[in-house]
Visitor: 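Right, I'll just put the structure down here and ask away after.
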Amino acid sequence: MSKFNHIFKIADQTDSCSVYSCNENTVQIDFVSSSCIRVAIYKNKNELLPTFSINPGNIFSENGRDRLSTDHFNLYTPDKKTNNNMQSFALDDGIKIKLYLDNFILKYYKNDSLLFADRAPLAYNFENEFGKETCHYITRMQGERIFGLGDKGGKLNKAGRAFRIETTDCMGYDARESDPLYKHIPFYICENSVGCYGIFYDTSDTSYMDLGKEINNYYPPYKYFKTQDNCLVYYVFFGTKLSILQQFAGLCGKQAFPPKWSFDYCASTMAYTDAPDSQQQMNSFLEKLEETDLSCRGFYLSSGYTSIGHQRYVFNWNYDKFPDPEQFTKQFSQQGIEIIPNIKPAFLDNHPMYKEIANKGWFVKNPDGTPFVTEFWDGLGSYIDFTNTEAFAFWKEKVTETLLNYGITATWNDNNEFDIKDCDAIAAGFLDKKVKAGRIRPILTYLMVAASYQAQIAKNPQLRPFLSTRSGNIAVRRYAQTWSGDNRTAFSDLRYCHYIGLTMSLSGLYFYGHDLGGFHGEMPSRELLLRWLQHGIFEPRLTIHSWNSDGSATMPWSYPNIIDSVHSLFAQRKKLLPYIYNCAYNATEYEIPINAPAFLYYDDEELYSYPDTMMLGRDILAAFIFDEKTEKVCAYLPKEDNWYLGNTLLDGGQTAELTIPSTAEMPYFVRSGCILPTNEAPYGFKSDETIIFTVYPLKNGSFESEFFSDDGISFAYQKNNCVHLSFKVHCNESTVSVEFENSGKTIFEPDIRLCSGDKRRLIIK
């Protein structure tokens, strides 16, 4: 058989699966659901690494899941037709797939129009026609938009760009240009003139994604994916942008539900723990909170607490800085503040425990069995091999012994990109089969996070664990939240981190945030710090974190003359917490992102011209200012709804100009046809919660709304020990009528009010 000429034959077929073969190449198509297929292409002689990304059953396994498993899929039987060298498959919603067996070319149609197709005459690298890597080439349409790929920088639309799919420690990165960053998520949503589709390439290997940067005279416009993996396994999703995202997220396992305290302000800085008098710095922090009357519920404890000299040693407490870790933790806990300690997966070669770990074989290794050594945090060190069952257990033991036993209930899993590119580095692997560590870097990250999670759940089984991870694949969503890493103190990074955050949301990482103010560089100006905070009150994670070049710490009180503005912004965040927490529940239960661009929900072309806005849940639309010495911004209101600005009702389909001084609270738009829960209790260092439900009615018509709340820390809600309100609202010219029912077991009587700009009579039934 000549190259560029591969004639496939049907080898096997079931209701939901078709298998094809051509010499040493096998292709398998599984109809995962009525709107999703999986395509697997591999050499018969090759073994496929397991997947840790796909996990619809939410079942943990140290060995992952067989990449071709169909467990927990809602398998679908399409309408099949065969005609000579072509097969067709009809799915729901007007989706038809045509398969041409010559060179195995798939074409996808929506309502008989071509949505996209494998690039003819050859889309796959069956016999090294395109080099040594595994490849997939598909068509590219003019004007298509592409969203996703994890934490990629630049604008939201990734079309026309190219990216490396791997993880790296990129401190001080440029949020507009730098690539790669911290996440390994080869998933994107493509929208063109025919419709939308999504693709997820299920691999942990280093890969490359070209979305239209490359042009070749011999082919019509195309985009492609290349990977160092020995096979190609990918999923294709059909539907709206939102349903594609929900399908992808659902296949990857449920997002962990963080405790409620984590949505309040959580502080951090490198400066406090790097200082020789760390304990005093932390004590002063508590005093300053009380003095400024600011609420705080968490503190990310940077790795300086583990230092010996200028280096950092995971699981080592520096007792000169923190003489009594247990008392230190208790002191903060008594003020309602959880300590979130930084832990790293590598041990420097002069770590007090290094030789013991090496002797037990728990590090990633060289071929001769010695520890693989690489650069790590001002020295040389070795990474724990989390595919080694004993090493996995060791990590859990140390998290428990050195942190959780001191009353700590959370972990900050950091510097976990596993920067291993040496082809000779070996991990224990899966089911007694060793594997090159460089092939499974994001899996090692995931297993580190899983080990931390298991330690936390074993120590406090009644508490929902809180974990934060900087790196990982999509699998980390099952245990941890994340953030955009070591950004810079610059207005440009404020704008482009806004896009990075939304890109993470469009990739299934709903619980995210940024180091507000910027992590690396000079102390942010007053204006820049306030602009970051104005954005931060609408993010899932509200954290100021810094490593300023002059050794200073960016704190809410860094500039005394803006502390009143900071106080107002933090109070605004606290007011929104019942709504944000309800959004968090919807994210975990229904895969509705906490933040998203409005175009995820609305089919309104005008929205793409206003990228500096974002939705908070489904009911709030906020616009931000990202340029220095600017106070005005225009927001476009989606035309399918009307919107309240304060008490003024505005028609959708128009722009509204906002004037937002950096020192002001944030204005925002509320969707007509919702009930917004807010905390109306007085704000302060010690404050309670008083929830008021404000009805933002329609001009005429009916709508429904739901509200969730619980104790905020436990799993009791899974047994319905919670508040779960369902509202039905009927609006006419003279009255707004509200019916409600609480299906949860927790007794709760809602205090319902009508927005003050509406003069109709409120009737509560």
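Nothing fancy with the numbering, it's 1 onward along the sequence.
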Visitor: Output the distance between atom CD1 (Ile625) and atom CG (Leu530), rounded to the nearest 0.5 Å.
Guide: 12.0 Å
Visitor: Restricting to non-hydrogen atoms, name the atom on Thr543 and the atom on Ser268 that form the minimum distance, rounded to 0.1 Å.
Guide: CG2-CB, 4.3 Å
Visitor: Please step through side-chain contact (heavy atoms from CB on, under 4.5 Å) for the pair Thr70 and Phe31, ending with a clear verdict.
Guide: CA-CA 10 Å; Thr70 57; Phe31 294 87; over 6 Å; no
Visitor: Walk me through whether Lys639 and Asp603 qualify under salt bridge (charged side-chain N to carboxylate O under 4.0 Å, His left out).
Guide: CA-CA 9 Å; Lys639 61 186 178 184; Asp603 186 16; over 6 Å; no
Visitor: When you compare the side chain of Ile37 with that of Tyr235, does any pair of heavy atoms fall below 4.5 Å?
Guide: no
Visitor: May I ask you to decide if the ring planes of His535 and Trp532 are parallel, tilted or perpendicular, using 30° and 60° as cut-offs?
Guide: perpendicular
Visitor: For His724 and Phe748: C-alpha separation, side-chain torsions, deciding distance, then whether ring-ring contact (aromatic ring centres under 6.0 Å, His included) applies.
Guide: CA-CA 9 Å; His724 203 148; Phe748 185 83; over 10 Å; no
Visitor: Is any side-chain N of the basic residue among Lys260 and Glu689 closer than 4.0 Å to the acidic one's carboxylate O?
Guide: yes
Visitor: Just do the side-chain contact (heavy atoms from CB on, under 4.5 Å) check on Phe147 and Phe187 with the steps written out, would you?
Guide: CA-CA 9 Å; Phe147 310 105; Phe187 164 78; over 6 Å; no
Visitor: List the atom of Cys296, the atom of Cys266, and the distance in Å for their closest heavy-atom pair.
Guide: SG-CA, 4.5 Å
Visitor: Can you name the nearest heavy-atom pair linking Met615 to Ala598, along with the distance?
Guide: CG-CA, 3.7 Å
Visitor: Do Asp264 and Ser295 have side-chain atoms, one donor and one acceptor, less than 3.5 Å apart?
Guide: yes
Visitor: For a side chain to side chain donor-acceptor pair (under 3.5 Å) check, start with the C-alpha distance between Thr659 and Lys632, then their side-chain angles and the critical distance, and finish with the verdict.
Guide: CA-CA 5 Å; Thr659 299; Lys632 294 186 182 297; 2.8 Å; yes
Visitor: Test ring-ring contact (aromatic ring centres under 6.0 Å, His included) on His545 and Tyr300 and set out the steps.
Guide: CA-CA 8 Å; His545 183 44; Tyr300 287 86; 7.5 Å; no
Visitor: Go through it in stages, so that I can follow the logic: the residues are Ser672 and Asp641, the test is side-chain contact (heavy atoms from CB on, under 4.5 Å), and I'd like the CA-CA distance, side-chain angles, deciding distance and then a yes or no.
Guide: CA-CA 7 Å; Ser672 172; Asp641 282 309; 5.8 Å; no
Visitor: What is the minimum heavy-atom distance between Val695 and Val729, and which atoms define it?
Guide: CG1-CG1, 4.3 Å
Visitor: So Glu591 and Phe248, do their side chains get closer than 4.5 Å, heavy atoms only?
Guide: no
Visitor: Begin from the C-alpha positions of Phe538 and Phe624 and carry the test ring-ring contact (aromatic ring centres under 6.0 Å, His included) through to its verdict.
Guide: CA-CA 10 Å; Phe538 296 96; Phe624 305 97; 5.7 Å; yes
Visitor: Could you tell me whether the side chain of Leu725 reaches within less than 4.5 Å of the side chain of Glu706, counting heavy atoms only?
Guide: no
Visitor: Given the rule in the side chain to side chain donor-acceptor pair (under 3.5 Å) test, do Ser243 and Thr240 qualify, once you have shown the distances and angles that lead to the verdict?
Guide: CA-CA 5 Å; Ser243 70; Thr240 64; 3.2 Å; yes
Visitor: How long is the gap from CD1 on Ile763 to CD1 on Ile752, to the nearest 0.5 Å?
Guide: 12.5 Å
Visitor: A side-chain contact here means heavy atoms from C-beta on lying under 4.5 Å apart; do Asn721 and Asp710 qualify?
Guide: no
Visitor: Are any of the side-chain heavy atoms of Thr655 and Tyr610 separated by less than 4.5 Å?
Guide: yes
Visitor: Would you kindly check if the NZ (Lys) or CZ (Arg) of Arg753 is within the cone defined by 45 degrees around the ring axis of Phe693 and under 6.0 Å from the six-membered ring centre?
Guide: no
Visitor: Is any side-chain heavy atom of Arg671 closer than 4.5 Å to a side-chain heavy atom of Leu676?
Guide: no
Visitor: Could you walk me through whether Lys241 and Glu191 satisfy the salt bridge (charged side-chain N to carboxylate O under 4.0 Å, His left out) test, starting with their C-alpha distance in whole Å, then the side-chain angles of each, then the deciding distance to 0.1 Å, before giving a yes or no?
Guide: CA-CA 8 Å; Lys241 292 185 290 293; Glu191 178 183 38; 3.0 Å; yes
Visitor: Do you know which of Ile620, Thr613, Leu621, Asp619 makes side-chain contact (heavy atoms from CB on, under 4.5 Å) with Phe669?
Guide: Leu621
Visitor: I want to check something: taking the side chain as every heavy atom from C-beta on, are Thr292 and Pro556 in contact at a cut-off of under 4.5 Å?
Guide: no
Visitor: What verdict does the side chain to side chain donor-acceptor pair (under 3.5 Å) test give for Gln534 and Ser662, after you've listed the backbone C-alpha separation in whole Å, the side-chain angles of each residue and the deciding distance to 0.1 Å?
Guide: CA-CA 8 Å; Gln534 287 177 333; Ser662 61; over 6 Å; no
Visitor: Less than 6.0 angstrom separating the ring centers of Phe708 and Tyr585, yes or no?
Guide: yes
Visitor: Of Trp261, Phe257, Phe707, Tyr717, which meets ring pair (Phe, Tyr, Trp, His ring centres under 6.0 Å) against Tyr581?
Guide: Phe257
Visitor: What heavy-atom pair brings Cys583 and Ile594 nearest, and what distance separates the two atoms?
Guide: O-CG1, 4.0 Å
Visitor: Tell me, with the steps shown, if Lys574 and Glu680 meet salt bridge (charged side-chain N to carboxylate O under 4.0 Å, His left out).
Guide: CA-CA 9 Å; Lys574 194 83 168 186; Glu680 300 297 335; over 6 Å; no
Visitor: Before accepting this row, confirm whether a basic side-chain N of the pair Glu739/Lys728 lies closer than 4.0 Å to the acidic partner's carboxylate O.
Guide: no
Visitor: Would you please classify the geometry between the Tyr265 ring and the Phe570 ring as parallel, tilted or perpendicular, with 30° and 60° separating the classes?
Guide: tilted
Visitor: Going through the distances and angles, do Lys183 and Thr482 end up as a side chain to side chain donor-acceptor pair (under 3.5 Å)?
Guide: CA-CA 10 Å; Lys183 311 299 189 296; Thr482 189; 3.1 Å; yes
Visitor: So, taking the atom named CE in Met666 and the one named CG in Leu576, what distance separates them when rounded to the nearest 0.5 Å?
Guide: 11.0 Å
Visitor: Can you label the angle between the Tyr644 ring and the Tyr696 ring as parallel, tilted or perpendicular, going by 30° and 60°?
Guide: perpendicular
Visitor: Under a 4.5 Å cut-off applied to non-hydrogen side-chain atoms, are Arg541 and Phe511 in contact?
Guide: no
Visitor: Does Tyr602 have Arg618 sitting over its ring (NZ/CZ under 6.0 Å from centre, angle to axis within 45°)?
Guide: yes
Visitor: Give the C-alpha distance, both sets of side-chain angles, the deciding distance and a yes or no for ring-ring contact (aromatic ring centres under 6.0 Å, His included) between Tyr683 and His567.
Guide: CA-CA 9 Å; Tyr683 174 76; His567 193 278; 5.1 Å; yes
Visitor: Just wondering, are more than 12 heavy atoms of other shown residues or ligands nearer than 6.0 Å to NZ in Lys686?
Guide: yes
Visitor: Starting from the C-alpha separation in whole Å, work towards a yes-or-no answer on side-chain contact (heavy atoms from CB on, under 4.5 Å) for Val32 and Leu251.
Guide: CA-CA 10 Å; Val32 172; Leu251 283 186; 4.2 Å; yes
Visitor: Ring centroids only, cut at 6.0 angstrom: are Phe599 and Tyr608 within range, meaning strictly under it?
Guide: yes
Visitor: Does this structure show an ion pair linking Arg573 with Glu665, if we count only N-O contacts that are shorter than 4.0 Å?
Guide: no
Visitor: Grab the two heavy atoms, one from Ser743 and one from Asn720, that are nearest each other, plus how far apart they are.
Guide: O-ND2, 2.8 Å
Visitor: Give a yes or no on this: more than 12 heavy atoms of other residues, nucleotides or ligands lie within 6.0 Å of atom CG of Asp688.
Guide: no
